[in-house]
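Reviewing the structure listed below.
The residues of the chain are indexed from 1 along the displayed sequence. Hydrogens, waters and symmetry mates are skipped; everything else that's a heavy atom, side chains included, is used. From a predicted model like this one, the values you see are computed outputs, not experimental measurements.
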Amino acid sequence: MGEEGTEGTVHLLCLAASSGVPLFCRSSRGGTPARQQLPFSIIGSLNGVHMFGQNLEVQLSSARTEDTTVVWKSFHDSITLIVLSSEEGTSELRLERLLQMVFGAMVLLVGLEELTNIRNVERLKKELREALSGFAEAAGTAFVSLVVSGRVVAATESWWRLGTPEAVLLPWLVGSLPPQAARDYPVYLPHGSPTVPHRLLTLTLLPGLELCLLCGPRPPLSQLDPQLLDRWWQPLLDPLRACQSLGPRALPAGFPLHTDILGLLLLHLELKRCLFTVEPSGNKEPSPGQRRHVLRSFYALVTAAHFPPELGQQEEKVENAAHRVQVPRACYQVSGTEEPGSGWRLVALHLGPRLLLLLLSAQSPTHGLRGLATHTLHALTPLL
């Protein structure tokens, strides 16, 4: 890239735009690969200042120091590319064209859809909702959901409006039963119908993925024949296979999540739904059981002391009150500080109708907890 005799170092960074997770980093000097790589703290700072500007509706495109030119560019709200060049005479325009060519090369090799798969979550949800609504009408019931490993991944509006006990217990029940191609199971609804039984029908569409219907005396299970299933679900085999991978991780395959995250709980306080996982990656320690216990204890602490469940309504009242009460936005807890690298970090962040709790490894720096939580919340927002 440099002119003759003006060799400098060029660093190219590729990050997930919503979460700030680095996808790859490359460094070169005089056109050949360089051993010196940028430390993660600098990568995080470069992306952090760009995201900070975006949150204020300010577009940061380039900057200069005494010996380095930096250019930022985002593509399709999914990929952020950053280039730093210390080559003499390098212009911002030249570096911007370099970033355009780099993104073009990425599209050439893997395709645009693969690079923007986070945004495709919305399209997947829309396709599943339309199929669920159509199938529910054909089957004669308004209560239909798709369940993977005891988790509801998509459902009709009527299913989402079920009372709290049954909304939680029904998917747990389905996840606890031994695998079967079809079931016709009598259930009582603790909130909606505690004395008159309903029927819970389940149909296995793919291994680990079940279609659940809550209904009265009709339809008979025999009416849900293969032709009806094929009509509504055969065209959606690819989206259904995408649901299969959710399982314990509860996140789409390839979803960019920071490697320090050991578990997370995202709550939508208005919709009264949540996203929960203690197996976001292949890390083995601490065990999923330990992570679940720690995250549950932290949830009990923060909801009792800082973020009560009715926080959304409380904030609205506070906004209209003459004497405003300070409502916390974030809190964190650190354990295991006696031994370096031991224990974990916990952080809670409230933004709008969402509350995010993260369990992080001990290597995650305390000063970066809120930034990491903010990036993660923005990344998870399309999911819930």
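Once rounded to the nearest 0.5 Å, the distance linking CG of Leu351 with CG of Leu356 reads 10.0 Å. Atom CZ in Arg26 sits 13.5 Å away from atom NE2 in His11 (nearest 0.5 Å). Interatomic distance, Leu221 CG to Cys215 SG, rounded to the nearest 0.5 Å: 9.0 Å. In this structure, the separation between CZ on Arg292 and OG1 on Thr277 is 9.0 Å, given to the nearest 0.5 Å. In this structure, CG on Asp184 lies 5.0 Å from CG on Leu201, to the nearest 0.5 angstrom. Note that CZ of Arg94 and OG of Ser85 are 7.5 Å apart. Values are rounded to the nearest 0.5 Å.
Side-chain contact between Tyr188 and Ser193 is absent, with no heavy-atom pair separated by less than 4.5 Å. Side-chain contact between Phe307 and Cys331 is present, with heavy atoms from C-beta onward closer than 4.5 Å. Between Leu213 and Thr202 the shortest side-chain heavy-atom distance does not fall below 4.5 Å. Residues Leu346 and Leu295 are in side-chain contact: their nearest non-hydrogen atoms beyond the backbone lie under 4.5 Å apart. Side-chain contact between Pro190 and Leu169 is present, with heavy atoms from C-beta onward closer than 4.5 Å. Within the 4.5 Å cutoff, side-chain heavy atoms of Ile79 are placed close to those of Cys14. Side-chain contact between Gln59 and His50 is present, with heavy atoms from C-beta onward closer than 4.5 Å. Annotation: side chain of Trp159 is in contact with side chain of Leu214 (closest heavy-atom distance under 4.5 Å).
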Exercise for review: Would you please test Asn47 and His375 for side chain to side chain contact (heavy atoms under 4.5 Å, CB included) and show each step?
Suggested key: CA-CA 10 Å; Asn47 186 60; His375 293 168; 4.3 Å; yes
*Does the salt bridge (charged side-chain N to carboxylate O under 4.0 Å, His left out) test come out yes or no for Arg291 and Glu279, once each step is laid out?*
CA-CA 9 Å; Arg291 299 181 194 186; Glu279 300 181 51; over 6 Å; no
Run the side chain to side chain contact (heavy atoms under 4.5 Å, CB included) test on Leu229 and Leu211 for me, step by step, so that the C-alpha distance in whole Å, both residues' side-chain angles and the decisive distance to 0.1 Å come before the verdict.
CA-CA 10 Å; Leu229 294 176; Leu211 180 67; 4.2 Å; yes
**Request:** Check step by step if side chain to side chain contact (heavy atoms under 4.5 Å, CB included) holds for Leu257 and Leu264.
**Result:** CA-CA 11 Å; Leu257 206 61; Leu264 66 86; 3.9 Å; yes
- [ ] Decide yes or no on side chain to side chain contact (heavy atoms under 4.5 Å, CB included) for Leu146 and Trp233, but give the supporting numbers first.
- [x] CA-CA 11 Å; Leu146 287 171; Trp233 300 108; 4.2 Å; yes
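Scanning both residues, Leu132 and Ala155, for their nearest heavy atoms gives CD1-N, 3.4 Å. Annotation for Val278 and Pro288: closest pair CG2-O, 3.7 Å, computed over non-hydrogen atoms. Between Leu265 and Cys274, the shortest heavy-atom contact is CD1-CB, 4.2 Å. Across Ala138 and Trp232, no two heavy atoms sit closer than the pair CB-NE1, 3.8 Å. Residue Leu357 comes nearest to Ala348 through the heavy atom pair CG-CB, 4.1 Å, listed as atom of the first residue, atom of the second, then distance. The two residues Ala167 and Leu162 have their closest heavy-atom pair at CB-O, 4.0 Å.
Judged by distance alone, the side chain of His350 and the main-chain N or O of Gly352 form a donor-acceptor pair under 3.5 Å. Judged purely by atom type and a 3.5 angstrom limit, Ser176 uses its side chain to pair as donor or acceptor with the backbone of Leu173. Under the 3.5 Å distance criterion, the side-chain polar atoms of Arg199 are matched with a main-chain donor or acceptor of Pro219. Without hydrogens or angle criteria, Glu166 side chain to His191 main chain gives a donor-acceptor distance under 3.5 Å. No donor-acceptor pair closer than 3.5 Å links the side chain of Thr141 to the backbone N or O of Ala136. With hydrogens and angles disregarded, no donor-acceptor distance shorter than 3.5 Å links the side chain of Ser145 to the backbone of Val147.
Linking ILVMFWY side-chain heavy atoms closer than 4.5 Å, directly or via other members, places Val168 and Phe276 in two distinct hydrophobic clusters. Side-chain heavy atoms closer than 4.5 Å link hydrophobic residues (I, L, V, M, F, W, Y) into clusters, and following such links, possibly through other members, connects Val174 to Leu177. Cluster annotation: Val152 and Leu267 are assigned to distinct hydrophobic clusters (Ile/Leu/Val/Met/Phe/Trp/Tyr, side-chain heavy-atom contacts under 4.5 Å, transitive). Side-chain heavy atoms closer than 4.5 Å link hydrophobic residues (I, L, V, M, F, W, Y) into clusters, and following such links, possibly through other members, connects Val10 to Met106. Residues Val144 and Leu203 share a hydrophobic cluster, clusters being chains of Ile/Leu/Val/Met/Phe/Trp/Tyr side chains in contact below 4.5 Å.
Environment of OH in Tyr185: sparse, with no more than 12 heavy atoms of neighbouring residues, nucleotides or ligands closer than 6.0 Å. Within 6.0 Å of CZ on Arg273 lie more than 12 heavy atoms contributed by other residues, nucleotides or ligands. Heavy atoms of other residues, nucleotides or ligands lying less than 6.0 angstrom from CD of Glu137 number 12 at most.
Between Phe75 and Phe103, the ring planes lie parallel to each other; the angle is under 30°, not in the 30° to 60° tilted range.
Partners of Arg354 under the side chain to side chain contact (heavy atoms under 4.5 Å, CB included) rule, at least two apart in sequence or in another chain, are Leu266, His268, Leu377, Thr381. For Thr68, the side chain to side chain contact (heavy atoms under 4.5 Å, CB included) partners at least two apart in sequence or on another chain are Thr65, Val70, Leu84, Ser86.
Look at Glu157 and Arg129 and you find no salt bridge, because none of the NZ, NE, NH1 or NH2 atoms lies under 4.0 Å from a carboxylate O.
Just one of Leu372, Leu360, Leu358 meets the side-chain contact (heavy atoms from CB on, under 4.5 Å) condition when paired with Arg345; it is Leu360.
With 3.5 Å as the limit, one finds a donor-acceptor pair spanning the side chains of Thr80 and Ser74.
Residue pairs that meet the salt bridge (charged side-chain N to carboxylate O under 4.0 Å, His left out) test with at least one member in residues 58-71, sequence neighbours left out, are Arg64-Glu92.
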